[in-house]
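For the numbers below, each heavy atom of this structure counts, side chains included, while hydrogens, waters and symmetry mates do not. In what follows, chains are A, B, ... by sequence order, proteins preceding strands, each numbered from 1. For clarity, every value in this text was computed on a predicted model and none was experimentally measured.
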Number of protein chains: 2
Amino acid sequence: MAVSQTADYALRAVVWLAHHHGQTQTAPQLAEATGVPTSYLPKVLQPLIRDGLLRAQRGLHGGYALVRDPALLSVLDIINCVDPMPRIHACPLGPGRHHDELCALHRLLDGATAEAERRFAETHIDALLPVSPGTRDADPHD
Amino acid sequence: MAVSQTADYALRAVVWLAHHHGQTQTAPQLAEATGVPTSYLPKVLQPLIRDGLLRAQRGLHGGYALVRDPALLSVLDIINCVDPMPRIHACPLGPGRHHDELCALHRLLDGATAEAERRFAETHIDALLPVSPGTRDADPHD
DNA sequence: TTGTTTGTGGACATTCATATCCACATATGA
DNA sequence: TCATATGTGGATATGAATGTCCACAAACAA
């Protein structure tokens, strides 16, 4: 997968919350709707709450709700908060010895990650909503 | 990382073998040169041998050697052989119920993987060699 | 104040990619 | 034929990502 399972889960939950903007959703509701394991979901959402992207409310009629406007919230915002994509800042062998042999390879590998980040930064949550006009963009796989 | 650790290891080894085309390299030599754990390298190369991309020779003066021309061997060839990139062919929740809400998201995620595959298919091993003209292509990370 | 509903945080379990080790098979040269 | 140098395959170990569980804290309503 392009992103970790955990990041995927977080994105599903955020898209769902954006689709039901304003209404708080309980963990079981969210889990049922998104297919995220009920007992794992709170762990996934924790960093989003810490960084103020989500709001969590305890007690009766509590639950989770989206704080920011889905149009101003990028897919990369979610990924970076929950599980940032690993970047290659230096060749694994260090600058010495065989560095040159491996450099072009890792430039390519990290370039692919950079391109993915670019796409995720450009795509906002509102573009992923069912009825949004943003639904029609790049062509599907194959 | 864009690809698994194992695929990275395989690519390092193949690039090294391409750079020393024709000469067989023993596992310890390859491991030392590429930074791959010596005891893990044989496992990594196994699928490449099975599919005929590498040749393995036992006994004195044995070792590993590249079979195909580096100019005709793509990065994706190696990845697909060792550890194919997971593609998303259907939304995780299946076609029922909330399928629509998640579809655009997973189209985006798989699209990023598809783009990476495209890059890896277009880049051949000879372009990753130290002195090759192909070394100068896309700009580095950041 | 009390009971119920909700999220929180931490301990623990499970799974899988990664890594190690070793007895064995095979090739070479003397 | 024998000694040595190699890769092979399988059992096992390790560590990180994923997933489960539960006692607790907090919010609301009666």
Exercise for the section: Output all residues satisfying side chain to side chain donor-acceptor pair (under 3.5 Å) with B:Thr6, sequence neighbours left out; order by chain, then residue number. Expected result: B:Tyr40

Problem - Which residues share a side chain to side chain donor-acceptor pair (under 3.5 Å) with A:Thr24, sequence neighbours left out - result: none

Handout entry: Phosphate OP1/OP2 of C:dA19 contacted by B:Tyr9 side-chain N/O (<4.0 Å)
Key =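 For B:Tyr9, the contact criterion (side-chain N or O under 4.0 Å from OP1 or OP2 of C:dA19) is met.
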
Practice task
Please determine if B:Arg118 and B:Glu115 form a salt bridge, counting it only when a charged side-chain N lies under 4.0 Å from a carboxylate O.
Solution key: yes

Problem - Any N/O donor-acceptor pair, B:Lys43 side-chain to D:dG10 base, under 3.5 Å - result: yes

Rounded distance (Å) that lies between atom [atom2] of [N] and atom [atom1] of [X]:
X	N	atom1	atom2	answer
A:Met1	D:dA17	CE	C1'	12 Å
A:Asp83	D:dA16	CG	P	14 Å
A:Arg55	C:dG7	CZ	C1'	12 Å
A:Leu41	C:dT8	CG	P	10 Å
B:Asp8	C:dA17	CG	P	17 Å
B:Tyr40	C:dC22	OH	C1'	18 Å
A:Tyr64	D:dA27	OH	P	14 Å
A:Gln25	C:dT5	CD	P	18 Å

Does [X] reach a base, just sugar-phosphate, or nothing at all? Heavy atoms under 4.0 Å.
X	value
A:Ser4	sugar-phosphate
A:Thr26	sugar-phosphate
A:Thr6	sugar-phosphate

Handout entry: Qualifying salt bridge (Lys or Arg N to Asp or Glu O under 4.0 Å) pairs with a residue from residues 18-31 of chain B, counting only residues at least two apart or across chains
Key = none

Practice task
Scan for salt bridge (Lys or Arg N to Asp or Glu O under 4.0 Å) pairs involving residues 48-75 of chain B, sequence neighbours excluded, and state none if there are none.
Solution key: B:Arg68-B:Asp77

Handout entry: Any donor-acceptor pair under 3.5 Å from A:Gln29 side chain to A:Thr26 backbone
Key = yes

Problem - Evaluation steps, side chain to side chain contact (heavy atoms under 4.5 Å, CB included), between A:Leu30 and A:Thr38 - result: CA-CA 8 Å; A:Leu30 257 181; A:Thr38 310; over 6 Å; no

Handout entry: Point-to-point distance, once rounded to the nearest 0.5 Å, from NE2 of B:His124 to CG of B:Leu129
Key = 13.5 Å

Handout entry: Between A:Asp110 and A:His89: side-chain donor-acceptor atoms closer than 3.5 Å
Key = no

Handout entry: Among D:dG7, C:dC21, C:dT8, the one nearest B:Ser39 by side-chain distance
Key =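 Of D:dG7, C:dC21, C:dT8, C:dC21 is nearest to the side chain of B:Ser39.
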
Problem - Interface residues of residues 45-53 of chain A with DNA chain D (non-hydrogen, below 4.0 angstrom) - result: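 Here the set is empty: none.
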
Using the 3.5 Å cut-off, write out each protein N or O paired with an N or O of nucleotides 28-30 of chain D and the distance between them.
none

